[in-house]
Protein chains: 2
Amino acid sequence: MGFCRALSPNPGRWELLSAVFHRTDDFYGEVEIMAKKTAGLAGADKIGPLPRYRQVKEYILSRIESGELRTEMKIESENRLVELLGVSRMTVNRAIRELSGEGKLNRIQGVGTFVASQKPQSALLEVRSIASEINERGGVYSCDIRLLEEEKVKPSLALSMGIQPYSAIYHSIIVHMDNGVAIQLADRFVNPAIAPDYLLQDLSKISPNEYLLSLAPISEVEHVVEAVIPDSWIRKLLHINEAEPCLVLHRKTWVGCEVATESSFYYPGSRYTIGGRFTPSNRGSIQVT
Amino acid sequence: MGFCRALSPNPGRWELLSAVFHRTDDFYGEVEIMAKKTAGLAGADKIGPLPRYRQVKEYILSRIESGELRTEMKIESENRLVELLGVSRMTVNRAIRELSGEGKLNRIQGVGTFVASQKPQSALLEVRSIASEINERGGVYSCDIRLLEEEKVKPSLALSMGIQPYSAIYHSIIVHMDNGVAIQLADRFVNPAIAPDYLLQDLSKISPNEYLLSLAPISEVEHVVEAVIPDSWIRKLLHINEAEPCLVLHRKTWVGCEVATESSFYYPGSRYTIGGRFTPSNRGSIQVT
DNA sequence: CACTATTTCCTGTATATACAACAGATCCGA
DNA sequence: TCGGATCTGTTGTATATACAGGAAATAGTG
């Protein structure tokens with residue numbers, strides 16, 4: 001009963017299979033889309049294949065990322081995708097509707113669906129590794145780990161993170177550099193309950209962000225920005241003088257209902273800006289979906 | 001044919017009506033939900049009532065805003081709302097799914113749907129009026145219009161806004177104050193094609209944001225933040241000395257494919273932070289929905 | 001040729017139905 | 001009383017179907 005979960009004969013590749021059965025009045029026409037190959041993926045605790053609409057989303061995203069679908073190109077119509085993928089139009093519709101809500105596609109009624117133009121970097125709206133950001137810009141990434149230890153958490157921070165005062169917390173201070181120039185100082189407090197092995201990582205190989213993201217998906221993020229003249233020890237590490245302002249990005253992340261990390265990122269004002277582009281949703285004072 | 005568009009007998013109020021007809025094989029059971037009263041609303045060029053799933057969203061949002069539904073409260077189940085509102089479950093499902101994607105509701109499979117806790121201010125992710133922000137905090141808003149005129153647009157800005165160099169552009173500089181203390185300096189360039197009457201507005205009565213939002217919905221926003229020591233004329237207007245850093249928020253907005261405004265907002269570093277909270281969507285390096 | 005009406009293709013919305021997955025309550029027997 | 005099976009209510013996904021409405025191509029007409 002239920003779904004027929006065929007396994008791909010071609011496990012190394014992403015593939016959609018369809019197998020439509022005839023239907024009677026109380027039996028569905030059954031269709032199976034192959035699940036994405038999950039071996040080696042983080043978050044593999046999720047059992048079973050992704051739901052079909054998610055598979056359709058992944059299918060389209062992968063075609064965009066592979067370069068097969070370029071910016072501004074028209075993609076197949078919903079009905080064409082129904083034929084190609086062997087799913088119903090409502091399923092395709094949900095996938096494409098969500099993707100266009102996420103800014104990946106644009107739709108025009110009566111005309112078609114188009115690949116949206118690439119949006120610029122949006123460090124304000126994302127959580128991504130500074131290393132990959134530098135690499136994508138063609139820079140040379142390096143880092144300097146100035147601190148990595150267990151501490152007793154101070155009461156104010158404990159309150160904010162929802163843990164016991166003076167219990168253990170992990171603290172790291174890392175200076176990230178592009179071509180040897182300090183670009184960011186990352187001052188992180190990590191909840192041991194979420195990342196018990198944080199101190200054991202080789203953070204020069206895998207960045208804290210990559211490591212933390214690999215443990216569990218972040219369920220919520222809060223970003224607050226501020227302009228300050230930082231303390232002298234920060235000025236020294238970033239090689240800036242006392243007249244140069246700093247942009248500080250405070251980030252707090254949650255995994256489920258627990259606070260996972262609370263960090264501050266200091267950017268030398270003269271060397272960095274942070275941005276993001278988004279589409280406001282449409283009620284009252286306009287907000288991100 | 002098609003929908004029966006009943007008018008509300010109670011036009012001053014938001015109301016859901018249901019009128020279910022019997023169905024035959026090729027005729028729908030018809031249901032009508034009253035459209036939101038549109039008289040006096042901006043964007044009234046949209047003809048016809050909102051689609052039903054949007055009406056359901058508005059219905060729930062209005063109940064949250066009115067205080068009837070408080071934070072953490074469980075709301076009606078989908079099937080209950082189907083009965084109450086006279087729409088199908090898929091329609092209710094879409095409405096609630098989108099609301100939970102927007103962070104207004106939380107859903108737990110097998111348990112129910114709950115009103116999400118109020119998220120803090122998110123000036124990073126929204127476009128809202130500084131006046132209403134100050135009023136909500138209980139402050140006393142006032143402003144000082146330092147400039148409001150038509151100028152010839154410089155080539156670099158013209159390029160960025162996609163208009164002819166040295167053509168006309170509107171330029172305003174306004175200092176916003178809370179209890180007489182300067183909180184923000186707004187330096188705005190407005191595309192005359194979008195807001196031809198910008199210069200005629202009484203911007204001390206209606207804030208530029210409110211006015212611009214009333215003209216047309218913003219289709220896209222870009223925010224970039226930066227820390228600077230501002231020019232002396234800005235320091236003077238904000239009453240800060242030359243050692244105090246400033247947070248600058250650069251905002252660019254689009255209406256359709258045209259750039260509508262390009263603005264810079266200066267916040268005294270010691271008096272303001274800007275923040276936003278969001279839920280990352282779940283692909284690759286995590287981004288806003 | 002120019003202009004209009006029709007057709008066709010596309011997305012947008014709405015519904016009814018069916019089943020899956022999950023959580024909590026309830027029942028029941030050892 | 002305990003522990004498991006069963007039931008019930010809830011959300012999550014998938015499908016078939018139908019119609020509305022926009023845009024562009026096409027046919028038809030003067």
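In what follows, every chain begins at residue 1, and chains take the letters A, B, ... in the order their sequences are listed.
For the pair A:R80 CZ and C:dT8 P, the computed distance is 19 Å after rounding to whole Å. Rounded to whole angstrom, the span from the CG atom of A:L50 across to the P atom of C:dA20 amounts to 19 Å.
The base of C:dG12 is not paired with the side chain of B:R94 by any donor and acceptor separated by under 3.5 Å. If you check distances only, the side chain of B:R89 does reach the base of D:dG12 with a donor-acceptor pair under 3.5 Å.
Residue B:I108 is classed as a sugar-phosphate contact, given heavy-atom separations below 4.0 Å to backbone atoms only.
Of the two residues near DNA chain C, A:I96 and A:M90, the one whose nearest nucleotide lies more 5' is A:I96.
A:F114 has its side chain within reach of A:I108: a pair of non-hydrogen atoms, C-beta onward, lies under 4.5 Å apart. Contact of the B:L215 side chain with the B:D197 side chain is not registered, since no non-hydrogen atoms from C-beta on lie closer than 4.5 Å. For the pair B:R251/B:N209, a side-chain contact is recorded, criterion being any heavy-atom separation below 4.5 Å from C-beta on.
For the pair B:K252 and B:E220, the salt-bridge criterion is not met [side-chain N within less than 4.0 Å of a carboxylate O].
Ring geometry, A:Y170 versus A:Y198: the interplanar angle falls under 30°, so the pair is classed parallel (tilted spans 30 to 60°).
Checked by atom type, the side-chain pair B:T253/B:T261 shows a donor-acceptor distance below 3.5 Å.
In the region residues 110-117 of chain A, proximity to DNA chain D at under 4.0 angstrom, judged on heavy atoms, holds for A:G110, A:V111.
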